[in-house]
Amino acid sequence: MLTIMEAVQKAAAYFARRGIPSARLDAEVLLAHVLKLERIDLYIQHDRPLLRGEIDAYRKLLQERTRGVPVPYLTGRREFFSREFFVNPSVLIPRPETELLVEAAADWCKGREGPLIVDVGTGSGIIAITLAVLLPGSKVVGVDISEEALAVARRNADYHQVEVEFRRGDLLSPLQDLRGRIDAIVSNPPYIAAGEWEELPREVRQEPAAALLGGADGLDFYRRLLLEGAAMVVSGGLLAVEVGWGQAERVAAMAGDLWRVKEIIPDYAGIPRVIMLTRRAG
Ligand code: GLN
């Protein structure tokens, strides 16, 4: 007979031997998922014996995790902005840094009446949906090139009971009818340089390459957003983007005559992470 706590301890030790960085946490999250409990309940019910079927289901997840599958793909969920979102391998797993982007964009939009906001490369829809939740009265459109990603995003919008319009297409191309009327473009585009793929942790390499790779220097999508976005927003409109390590200066330098760099926001580790640009008049 194996109790909840014994199972967690065994799994955590097994993960640690296999070099899984957050061994204990992963062991707990996966068992809670199998038992349909919150993590805290594992402690409250620590001496509850596990059933055969529960042990088998747990063992299967442990094996997949040691093969490099990230925990959110095993549980099908990830928290973002204190809300739960569905994820699967067709979307990027939400990162905490992206909350800074959403917060900054929401603050900027608060000053506007019924703003029209576009989330480019919406993936699981976290940015679009959280903005729609935070900004009642806004109109939010989420764009992605991947139909599989949009299916996840639609499911998340339903789950959070917000109206977000999702459109399929390359970057801003499916938004031609909104030309010159968009108040804010928000995006966490793919920004890994092609040559860096092999050096990424194996967990990250399980995420969609299309959600991660940003061309030879990783900056392709910023170039396009700055250029194509300039024609889409109202005068004084916002372009808010998340950037990778060491990219903030280079992206800010690309603002040119079209955009003014309003603010560069560092993340929790002090790395410049979000760039807020506004469209210059004329
Ligand atoms: N917008 C989504 C996110 O921030 C997806 C980003 C992406 O696929 N690059 O998680």
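Atoms within a ligand are numbered from 1 in the order they appear, just like the ligands themselves.
Taking atom 8 (O) of ligand 1 as the reference point, the nearest protein heavy-atom neighbour is Ala211 CB, 3.1 Å.
Contact annotation: for Leu92 versus ligand 1, heavy atoms closer than 4.0 Å belong to the side chain alone. Residue-level proximity to ligand 1 for Ala149 is absent, since no heavy atom of it falls below 4.0 angstrom.
With Val234 as the fixed residue, the side-chain contact (heavy atoms from CB on, under 4.5 Å) test singles out one of Ile182, Asp183, Leu116: Asp183.
Atom numbering of ligand 1 starts at 1 in the shown order; those under 4.0 Å from a heavy atom of Thr98 are 4 (O). Of all the atoms in ligand 1, the ones that sit under 4.0 Å from a non-hydrogen atom of Ile126 are 3 (C), 4 (O), 10 (O).
By the 4.0 Å heavy-atom criterion, Pro190 is counted among the residues contacting ligand 1.
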Between Gln247 and Arg250, does a side-chain hydrogen bond (donor to acceptor under 3.5 Å, both in side chains) hold up when you go through it step by step?
-> CA-CA 5 Å; Gln247 292 179 332; Arg250 284 148 78 204; over 6 Å; no
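Between the choices Ile192, Leu212, Asp119, Asn188, the shortest heavy-atom distance to atom 6 (C) of ligand 1 belongs to Asn188. The option from Val91, Ile127, Val87, Thr122 that lies nearest to atom 2 (C) of ligand 1, judged by heavy atoms, is Thr122.
Tyr73 and Glu203 share no donor-acceptor pair across their side chains, judged by distance under 3.5 Å alone. In this structure, a donor-acceptor pair under 3.5 Å is present between the side chains of Thr122 and Asp119.
Put simply, the side chain of Ser173 never gets that close to the backbone of Gly169: no donor and acceptor are under 3.5 Å apart. Side chain of Thr75 to backbone of Arg77: a donor-acceptor contact under 3.5 angstrom is found.
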Using residues 84-94 as the side-chain source, report each donor-acceptor pair under 3.5 Å to any protein atom, sequence neighbours left out, with the distance given to one decimal.
{"unit_1": "Asn88", "atom_1": "OD1", "unit_2": "Ser90", "atom_2": "N", "d": "2.8"}
{"unit_1": "Asn88", "atom_1": "OD1", "unit_2": "Ser90", "atom_2": "OG", "d": "2.5"}

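Residue Gly121 has at least one N or O atom closer than 3.5 Å to an N or O atom of ligand 1.
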